[in-house]
Peer 1: 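Please read through the structure below; I'll follow up with questions.
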Amino acid sequence: MPSEFDKPYDPKEHEDKIYKLWEESGFFNPDKLPGGRGKTFSITLAPPNVTGSLHVGHALEHATSDVLIRFKRMQGYKTLWLPGTDHAGIATQNVVEKELKKQGISRHDLGREKFLEKVWEWKKKYGNIILDQMKKIGASCDWTRTRFTMDPEYQEAVKEAFLHYYKKGWIYQGERVVNWCIKDQTSLSDLELEYQEEKGKLWFIKYPLKNSKEFIIIATTRPETMLGDTAVAVNPKDKRYKNLVGKKVLLPIQNREIPIISDRRIEMNFGTGAVKVTPAHDMLDEQIGADNKLPALQVINEIGKMTSAAGQKFEGMKMLEAREAVLKELESQNLIEKIDDYPHNIAKCYRCETHIEPLRSKQWFLKMEELAKLAIKAVKSGKIKFHPKRWEKIYFDWLKNIKDWCVSRQIWWGHKIPLDGVDDVLDTWFSSALWPFVTLGWPASAKTLAGKSKKNDLETFYPTDILTNDRGIINLWDARMIFSGLEFIGAPPFKDLLIHATILTKDGKRMSKSLGTGIDPVDLITKYGADATRFGLIWQAMGGQDIHWSEEHVVAGRKFCNKIWNAARFVLQQTPPGKKSDFGTPKKSDFEEGGNSKLGFDYASSADKKILAQLKKTKKDIGRLIDKYEFGQALHTLYNFVWHDFCDIYLEESKKNLNAEVLASVLAESLKMLHPFMPFISETIWGHINNKNILMIESWAS
RNA sequence: GGGCGCAUAGCUCAACGGCAGAGCGACCGCCUUACACGCGGUAGGUUCUAGGUUCAAAUCCUAGUGCGCCCACCA
C-alpha cells in the first residue's frame, strides 16, 4: 500500500510526472504505437494564434479532442493528433507593435527586417506557452509533428498554392473599394470586421439644382465624403424625383456639376430617398458608379486624412476635422435642412478596433465562384457533416453569396505574395486554409507517392476524421479549408466538423481578454488539477449549446477525483501486496454462464453479477456516446456508474462479502473508461495495479 | 432589416411525446476502519406568458415577452 494513498488526491504530485511518462513512452506518435493498428484516426488541431495564451474555450476544445484521441488509441487505432500554432498576421503584428510602443518604438523605427525579428522572438516565446498549456491539460498530441504556419516548408506550400491559383487565372489584381484600417494600414476582408452601434447623426443636406432655385435634399451619415461625390441617385420608381433624373446639381463647396441618376438599389424609404454617390468611399456607391460610368474621386487617403481632391481648404485635415469644417461651411451657406440623431453600426477593425475607412485601393483577389461550388457540394452530398447540423446554414449562406476573396494585406508579418515586385503579404487565413494537408507534408509528399512501400503521412492520415472548433470561424477557416482540400488534394480535409459549445461568462457575455472576462485554464488546473478541469468543462458542455461558465462543475470534478482515488485505496487494501496479476480484466466469458475463469459468472454472488452487468452496459453506452460526440452524456453515465453503482453499492457490499477478483477487475475496467476523460488520475492508479503496460495504450475492448 | 439559438430547482445544466433529474449550494443527522473533497436523509419546480394539437406536452404548433449570437451596401 503506497503511502501516497494516505492523503486526499493531490494532482500536483502526479500530473507532471505522468505527462512525462507518456511523452517518454513515445506513444503520442502513431508510428511508435504497438500492435497492428490497421485503422487510423486523425485530428489536426485548430492551431491557436501565437498572440497570447489560451482561454477556457480552447481548453474545452482540447479536452474533447483528447477524449476522442485517447479513446480511439485504446480501441487500437493508429492515432494522430497533430498540433501547431498559427502566425495570425495582423493580430500578432498588433500585439508586438503594442509591446514595442511601451518602449516608445514603432515598427517603422525598426524597419521591416528588425521588426520581423521581434515578431519571431515573440512567436518563440508565446508559441511555446500555448503548447505548454496544452500539455498541462493533458493533450496527447504528437509533438514531434508540431507545425507552425510560417515554417519554411509551410512557406513553400503556400507559394505552391498561390501559384496554382495564379496559373488557373483565379488570382487577379483589382482596384476596388476595400475595408481599410487606417491604423494597421491594410485592407481587411468582410469577415475581419466587427460592427458596433454608435450614436451617429444623419445630416440632411440641400444640393442646389443647376439653373434653378430648388434643391434636392440628400441624407448622409458622412458629410465629409460629399467632397468626393460624383452623382446623386434616386430609385427609378420614386415618383418624387422622376422629373429630376437626368438633370444636374451643383455640388456645394466644390461647385462641381454632378448628375442625378436612377438606380434600383436605392431605398426609397430611407432619408429623403435621394442619396449622394461617392464611388471612392463606399462599396455600394462604387458599384453604382461603375454601372453608371461615374468617376471616382478619392478625398480621403490611406492614413485617414483629406487629399488634394477634397480641395485646398480641407487637404491634410483628419477625417473628423474635415467633417466639422464641411458642416460649418454648409451651415454658413444655409444648406443644412435638418440633423437627426441616428444610431447605427460602425465597422471596426476586429484586431485594433479602429474605424474602417472604405477606400479604393489596389489589391489581389482570388476568384471564389468555383471554389465555393466545391465547398457547397461537399457538405450537400454528406461527405462532410456538421455537428450540430444547423450550423450548415451559416456556411451555405456565406458561400452562396460569396464575393471574391481579397487575399492581400499591407502588413509585414505574413506570407509574401510570390510574385515579382509585390511586397504585400497574404491574408493569414490563406495559409490556415491549407493546414490539414500542409501539416501532413503537402506538396512534397504528394510528389513522392508512387513506388514507395511505406505510406507517407498525407496518404495515411488524410482526410482527417474530425475537426472541432468554435462557431466563430465556420466561414473564416472551416469553409476555406474545405475548398482548399478539395482543390489541392481532391478530398475534403475532414469527415466531421464538430462545432463545440461557446463558453460565455456567467452573465452570458462573450469571454474576452480585453474586457478581463476571460478565464485561464491554467489557473483552474493549478487550483483543481487537470482532470477536474477536464471533467468540469465536459460535464457542463453537454451539447453544442452555449454555456454560461460555472466553476462548480470543476469542483465536482475534484471531488470525483478524490472519490476514485479512495476507491482505489480501498481495493488495494483488500488485495495482498505482490498480487498485481490479480488485476486482470474480465473477459467476455466472465459475463456468461459457464465461463470458467475465477472471475467467472458462475463463481460470482448476485452483487458481483450485478456490477459486472452494469459495467458491461456502461462500457457499451460510453463507447456509443463518444462516437456520437456526446461527451457530456458519456461522462454523466460514467460518473453514475463509478460513484453510485461501484462505490456506493458494490464497494459497500464487498465489505461484507468480498470477491477480491471482481472488485479488482471492476476497478481496472473503470480506470480504462475514465482514462479518455481523466487521464492523469487513471494512469496514476493504473501504475499501482498493473506493471505491464501504461494505461494510455491498454486495449479498450479487452 | 433577415436568420438562428436559448428560457426547467437558489445557481449551472440534463431530460426532446409517457411518473421532471444531476452537479453545486441549502437544511437535518452522522468523524460507520476507502474517502468529511465523505456517508445517510430532507427541502426546493404551474418547466417564461397566452392559446392550440394529443388519451397524454417541459418536449410538437401559433403568437407574445426577455436574453444571446450571426448575417446584411438603408447611405
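As a basis for the values below, the full set of heavy atoms in this structure was taken, side chains included, without hydrogen atoms, waters or symmetry mates. Chain letters run A, B, ... following the sequence lines, proteins first, then strands; residues in each count from 1.
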Peer 1: Report yes if the distance between the aromatic ring centroids of A/Y207 and A/F215 is under 6.0 Å, otherwise no.
Peer 2: no

Peer 1: Using nucleotides 4-6 of chain B, report all nitrogen or oxygen pairs with the protein that are shorter than 3.5 Å.
Peer 2:
{"from": "B/G5", "atom 1": "O2'", "to": "A/Q545", "atom 2": "OE1", "distance (Å)": "2.7"}

Peer 1: Tell me: CG of A/L625 to P of B/A15, nearest whole Å?
Peer 2: 11 Å

Peer 1: Please give the nucleotide sitting opposite B/U59 as a Watson-Crick or G-U wobble pair, both distances under 3.5 Å, or none.
Peer 2: none

Peer 1: Using a distance-only test with no angle check, is there a side-chain donor-acceptor pair under 3.5 angstrom linking A/K276 and A/T225?
Peer 2: yes

Peer 1: With both distances under 3.5 angstrom, what nucleotide forms a Watson-Crick or G-U wobble pair with B/G44?
Peer 2: none

Peer 1: In whole angstroms, how far is the C1' atom of B/U32 from the CG atom of A/D648?
Peer 2: 14 Å

Peer 1: Checking the side chain of A/E653 only, and the main-chain atoms of A/A607 only, is there a donor and an acceptor separated by less than 3.5 Å?
Peer 2: no

Peer 1: So A/C647, base contact, sugar-phosphate only, or nothing? Heavy-atom distance under 4.0 Å.
Peer 2: base

Peer 1: Taking only the P atom of each, what is the distance from B/A9 to B/G45 in whole angstrom?
Peer 2: 10 Å

Peer 1: How would you summarise protein contacts on nucleotides 70-75 of chain B per nucleotide, using B for base, S for sugar-phosphate only and - for none, with heavy-atom distances below 4.0 Å?
Peer 2: S-BBBB

Peer 1: What distance, rounded to whole Å, do you find between the two P atoms, one in B/A72 and one in B/C61?
Peer 2: 29 Å

Peer 1: Just to be sure I understand the rule, does A/I547 reach a base, reach only the sugar-phosphate, or reach nothing, if contact means heavy atoms closer than 4.0 Å?
Peer 2: sugar-phosphate

Peer 1: Both distances below 3.5 Å, Watson-Crick or wobble geometry, any strand: find the nucleotide opposite B/C35.
Peer 2: none

Peer 1: Walk me through it: do A/N469 and A/D478 pass the test side-chain hydrogen bond (donor to acceptor under 3.5 Å, both in side chains)?
Peer 2: CA-CA 9 Å; A/N469 56 245; A/D478 298 335; 3.0 Å; yes

Peer 1: Minimum heavy-atom separation for A/N475 to A/I394, with atom names?
Peer 2: ND2-O, 3.4 Å

Peer 1: Would you mind reading off the distance between A/I538 atom CD1 and B/C13 atom P, rounded to a whole angstrom?
Peer 2: 17 Å

Peer 1: A/Q540 has an atom CD; how far is it from atom P of B/C11, in whole Å?
Peer 2: 14 Å

Peer 1: Rounded to the nearest Å, what distance is computed from the CG atom of residue A/L504 to the P atom of nucleotide B/A7?
Peer 2: 14 Å

Peer 1: Does any non-hydrogen side-chain atom of A/K338 lie less than 4.5 Å from one of A/W203?
Peer 2: no

Peer 1: Which whole number of Å gives the distance between the C1' atom of B/C73 and that of B/G68?
Peer 2: 26 Å

Peer 1: Can you tell me the pairing partner of B/G25 across any strand shown, Watson-Crick or G-U wobble, with both distances under 3.5 angstrom?
Peer 2: none

Peer 1: Establish, with yes or no, whether the OP1 or OP2 oxygen of B/U33 is under 4.0 angstrom from a side-chain nitrogen or oxygen of A/K655.
Peer 2: no

Peer 1: Flag the pair A/W565 / A/H14 as yes when their ring centroid distance falls below 6.0 Å, and as no otherwise.
Peer 2: yes

Peer 1: Sticking with atom P, work out how far B/C30 lies from B/C48, rounded to a whole angstrom.
Peer 2: 40 Å

Peer 1: Taking the C1' atom of each, how far is B/G29 from B/A43, in whole Å?
Peer 2: 15 Å

Peer 1: Main chain of A/N562, side chain of A/N566: is a donor-acceptor contact present, judged purely on distance under 3.5 Å?
Peer 2: yes

Peer 1: Using atom P of each nucleotide, how far apart are B/C74 and B/G17 to the nearest Å?
Peer 2: 41 Å

Peer 1: Starting at atom CD1 of A/I474, determine the distance to atom P of B/C69, rounded to an integer number of angstrom.
Peer 2: 16 Å

Peer 1: Side chains of A/E551 and A/Y528: do they bring a donor and an acceptor to under 3.5 Å?
Peer 2: yes

Peer 1: Could you check whether A/T502 and A/D470, counting side-chain N and O atoms only, form a donor-acceptor pair closer than 3.5 Å?
Peer 2: yes

Peer 1: Between B/C19 and B/A57, how many Å separate the two P atoms, rounded to a whole number?
Peer 2: 12 Å

Peer 1: Applying the Watson-Crick and G-U wobble criteria at under 3.5 Å, what pairs with B/A20? Answer none if nothing qualifies.
Peer 2: none

Peer 1: Without decimals, in angstroms, what is the distance between A/R569 CZ and B/U33 P?
Peer 2: 11 Å

Peer 1: Which of these passes side chain to side chain donor-acceptor pair (under 3.5 Å) with A/Y650: A/D645, A/N659, A/D608?
Peer 2: A/D608

Peer 1: For A/W549 and for A/R558, find the nucleotide of RNA chain B with the closest heavy atom, then tell me which residue's nucleotide is more 5'.
Peer 2: A/W549

Peer 1: Is there a Watson-Crick or G-U wobble partner for B/G68 with both distances under 3.5 Å, and which nucleotide is it?
Peer 2: B/C4

Peer 1: Would you mind reading off the distance between A/L651 atom CG and B/U32 atom C1', rounded to a whole angstrom?
Peer 2: 14 Å

Peer 1: Has the side chain of A/Q633 got a donor or acceptor that lies under 3.5 Å from a partner of the other kind on the base of B/A15?
Peer 2: no

Peer 1: Taking A/E15 for its side chain and A/A530 for its backbone only, find out whether a donor-acceptor pair lies under 3.5 Å.
Peer 2: yes

Peer 1: Each nucleotide N or O in nucleotides 20-30 of chain B that has a protein N or O under 3.5 Å away: list the pair and distance.
Peer 2:
{"from": "B/G23", "atom 1": "N2", "to": "A/E552", "atom 2": "OE1", "distance (Å)": "3.3"}
{"from": "B/G25", "atom 1": "OP2", "to": "A/K559", "atom 2": "NZ", "distance (Å)": "3.4"}

Peer 1: Is there side-chain contact between A/I336 and A/K206, with at least one heavy-atom pair below 4.5 Å?
Peer 2: no

Peer 1: Do A/Y241 and A/N235 have side-chain N/O donor and acceptor atoms under 3.5 Å apart?
Peer 2: no

Peer 1: How far, in whole Å, is B/G18 from B/U59 if one measures between their C1' atoms?
Peer 2: 11 Å

